[in-house]
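What follows is a short report on a single structure.
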Amino acid sequence: MALRFALVIDPAASDDPGPIFSDSFRVIDPSAPALSVGELSTQRGDGIFESIGVVDGHAQETEAHLERLAHSARICDLPAPNLEQWRQAVAIAAQHSPSEGEGVIKLILSRGVEHGPAPTAWVTATAAPDNSTARERGVRVVTLDRGYGIDTPPRAPWLLLGAKTLSYAVNMAAIREAKGRGADDAIFVTSDGFVLEAPTASLILRIGGRFVTPAPNGGILHGTTQLSLFAHLEEHGHETGYEVVPTSALGEADAAWLVSSVRLAAPITAIDGAEVPVDAELTASFNRYLLSPRD
């Protein structure tokens, strides 16, 4: 998944009205060295990011991703991003994304260089990996203890729960653990028995005809794809809900999905070895919708 394009941003103040920020962008060779050895994003994972799906050159749900970038910046006490500046950077990156098929635009905002310039920011564009197998055949998941209780986030805001940070070592370790147990992915649960999310995706359950996702008050990253899919379901007359979901409810689901901006909707075929029914027709309709242009 080689990078096709990279753009360094000189971050503008959040209240700078612009309107044109092209002078603050610098296109760089995506294969050449670009970061200082003192960069805190690489030394400490001290920064935030967003991954925007691209379909036939169109960046999907850009506004939702920019809003979440700003939300993560607030949680992490980073300078507020100028959303118009980032919006223009996304538009440029989209022009360098695949004109046919799927791509990924990544936005990165770092605390900067230790004892040096801060913050630093850049945008990249690349072709997306082939996720057709996960979408069509589904994924097997295991539940993994996230190591905190459902009431931890408001008591310990310094844990940065609910922010999309660059500190993804735990998330990647969880996926490795899941694969070591013979599964494809994981679902995090709290130590006191409530469902959270997957390491790189949101969870949607269908229980009794309702579509449910864990409420974001448990330190969950609010998923842009899940939000869009819920709006789509509601338009078609389905009931959706945000709930505090006990782990026991996983066994009550008559269908379940992991959803994310790049993988889209992947049906869950088993949870901790227990088979979960797959609604292939509905899953296909989800992915048709998610592959349609969405702003």
Side-chain angles (χ1 to χ4, degrees), residues 48 50-51 53 60-61 63-72 74-75 139 141 143-157 159-165 171 174 185-268 271 276-277 279 282-283 285-287 289-290 294:
I48 57 177
E50 285 291 323
S51 296
Q60 304 279 71
E61 306 284 353
E63 293 307 312
H65 283 283
L66 292 178
E67 290 171 7
R68 194 168 65 178
L69 185 76
H71 174 72
S72 294
R74 286 192 296 272
I75 293 176
V139 292
V141 303
T143 55
L144 297 179
D145 190 334
R146 189 64 176 84
Y148 61 80
I150 194 70
D151 63 344
T152 297
R155 293 189 294 103
L159 295 178
L160 307 181
L161 302 172
K164 194 172 179 70
T165 73
N171 303 62
D185 212 324
I187 294 173
F188 285 133
V189 298
T190 65
S191 297
D192 49 355
F194 295 95
V195 180
L196 294 171
E197 59 191 344
T200 63
S202 302
L203 172 68
I204 295 176
L205 305 171
R206 188 177 65 189
I207 302 174
R210 299 178 65 245
F211 293 86
V212 175
T213 194
N217 58 3
I220 292 173
L221 184 71
H222 215 160
T224 57
T225 305
Q226 172 266 311
L227 284 166
S228 181
L229 197 52
F230 266 28
H232 173 69
L233 285 165
E234 290 160 8
E235 288 176 1
H236 287 77
H238 296 286
E239 184 180 354
T240 65
Y242 296 85
E243 299 179 2
V244 177
V245 180
T247 53
S248 59
L250 294 173
E252 301 170 8
D254 57 35
W257 297 264
L258 296 184
V259 299
S260 61
S261 298
V262 178
R263 187 166 49 182
L264 305 185
I268 295 174
I271 301 175
V276 177
D279 190 328
L282 185 59
T283 299
S285 74
F286 284 175
N287 285 316
Y289 164 71
L290 294 172
R294 294 172 289 117

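In this chain, numbering begins with 1 at the start of the sequence shown.
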Problem set entry | With Tyr148 via side-chain hydrogen bond (donor to acceptor under 3.5 Å, both in side chains) - residues at least two apart |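 side-chain hydrogen bond (donor to acceptor under 3.5 Å, both in side chains) check on Tyr148 returns nothing, list empty.
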Can you name the closest pair of heavy atoms from [X] and [Y] and give their distance?
X	Y	answer
Ser202	Gly223	OG-CA, 3.4 Å
Gly208	Asp254	N-OD2, 4.1 Å
Val245	Pro214	CG2-CA, 4.1 Å
Ala215	Val244	CB-N, 4.4 Å
Leu161	Ile75	O-CD1, 4.3 Å
Ala253	Pro277	O-CD, 4.3 Å

Roughly how far apart are [X] [atom1] and [Y] [atom2], rounded to 0.5 Å?
X	Y	atom1	atom2	answer
Thr283	Leu264	OG1	CG	12.0 Å
Ser260	Leu221	OG	CG	11.0 Å
His71	Arg74	NE2	CZ	6.5 Å
Thr240	Glu234	OG1	CD	3.5 Å
Ile204	Phe286	CD1	CZ	6.5 Å
Ile150	Asn217	CD1	CG	6.0 Å

Exercise. So Arg263 and Asp185, side-chain contact (heavy atoms from CB on, under 4.5 Å) or not? Walk me through it.
Worked result: CA-CA 12 Å; Arg263 187 166 49 182; Asp185 212 324; 3.0 Å; yes
Exercise. Would you call the rings of Phe211 and His238 parallel, tilted or perpendicular if under 30° counts as parallel and over 60° as perpendicular?
Worked result: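 Judged by the thresholds at 30° and 60°, the geometry between Phe211 and His238 is perpendicular.
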For this session: Begin from the C-alpha positions of Ile268 and Leu203 and carry the test side-chain contact (heavy atoms from CB on, under 4.5 Å) through to its verdict.
Result: CA-CA 10 Å; Ile268 295 174; Leu203 172 68; 3.6 Å; yes
Exercise. Is the cationic atom of Arg294 (NZ for Lys, CZ for Arg) positioned less than 6.0 Å from the six-membered ring centroid of Tyr289 and within 45 degrees of its normal?
Worked result: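 Judged by the rule, Arg294 and Tyr289 form a cation-pi pair.
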Determine whether a donor-acceptor pair (N or O, by modelled atom type, separation under 3.5 Å) exists between the side chain of [X] and the backbone of [Y].
X	Y	answer
Ser72	Leu69	no
Gln60	Ser261	no
Asn171	Thr200	no

Problem set entry | side-chain contact (heavy atoms from CB on, under 4.5 Å) evaluation trace for Leu250 with Thr143 | CA-CA 10 Å; Leu250 294 173; Thr143 55; 3.7 Å; yes
For this session: May I ask you to check whether Thr213 and Gln226 show a side-chain donor-acceptor distance below 3.5 Å?
Result: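 Their side chains do not contain a donor-acceptor pair, so the 3.5 Å distance test is not met.
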Problem set entry | Sub-4.5 Å side-chain heavy-atom contact between Val212 and Val195 |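 Side chain of Val212 against side chain of Val195, heavy atoms only: no contact under 4.5 Å found.
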For this session: For the residue pair Glu61 and Leu227, establish whether any side-chain heavy-atom pair is separated by less than 4.5 Å.
Result: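 The answer is no, as the side chains (C-beta and beyond) never meet within the 4.5 Å cut-off.
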For this session: Check the pair Lys164, Glu50 against salt bridge (Lys or Arg N to Asp or Glu O under 4.0 Å), reporting the backbone distance first and the verdict last.
Result: CA-CA 7 Å; Lys164 194 172 179 70; Glu50 285 291 323; 5.7 Å; no
For this session: Step by step, work out the side-chain contact (heavy atoms from CB on, under 4.5 Å) result for Thr225 and Trp257.
Result: CA-CA 12 Å; Thr225 305; Trp257 297 264; over 6 Å; no
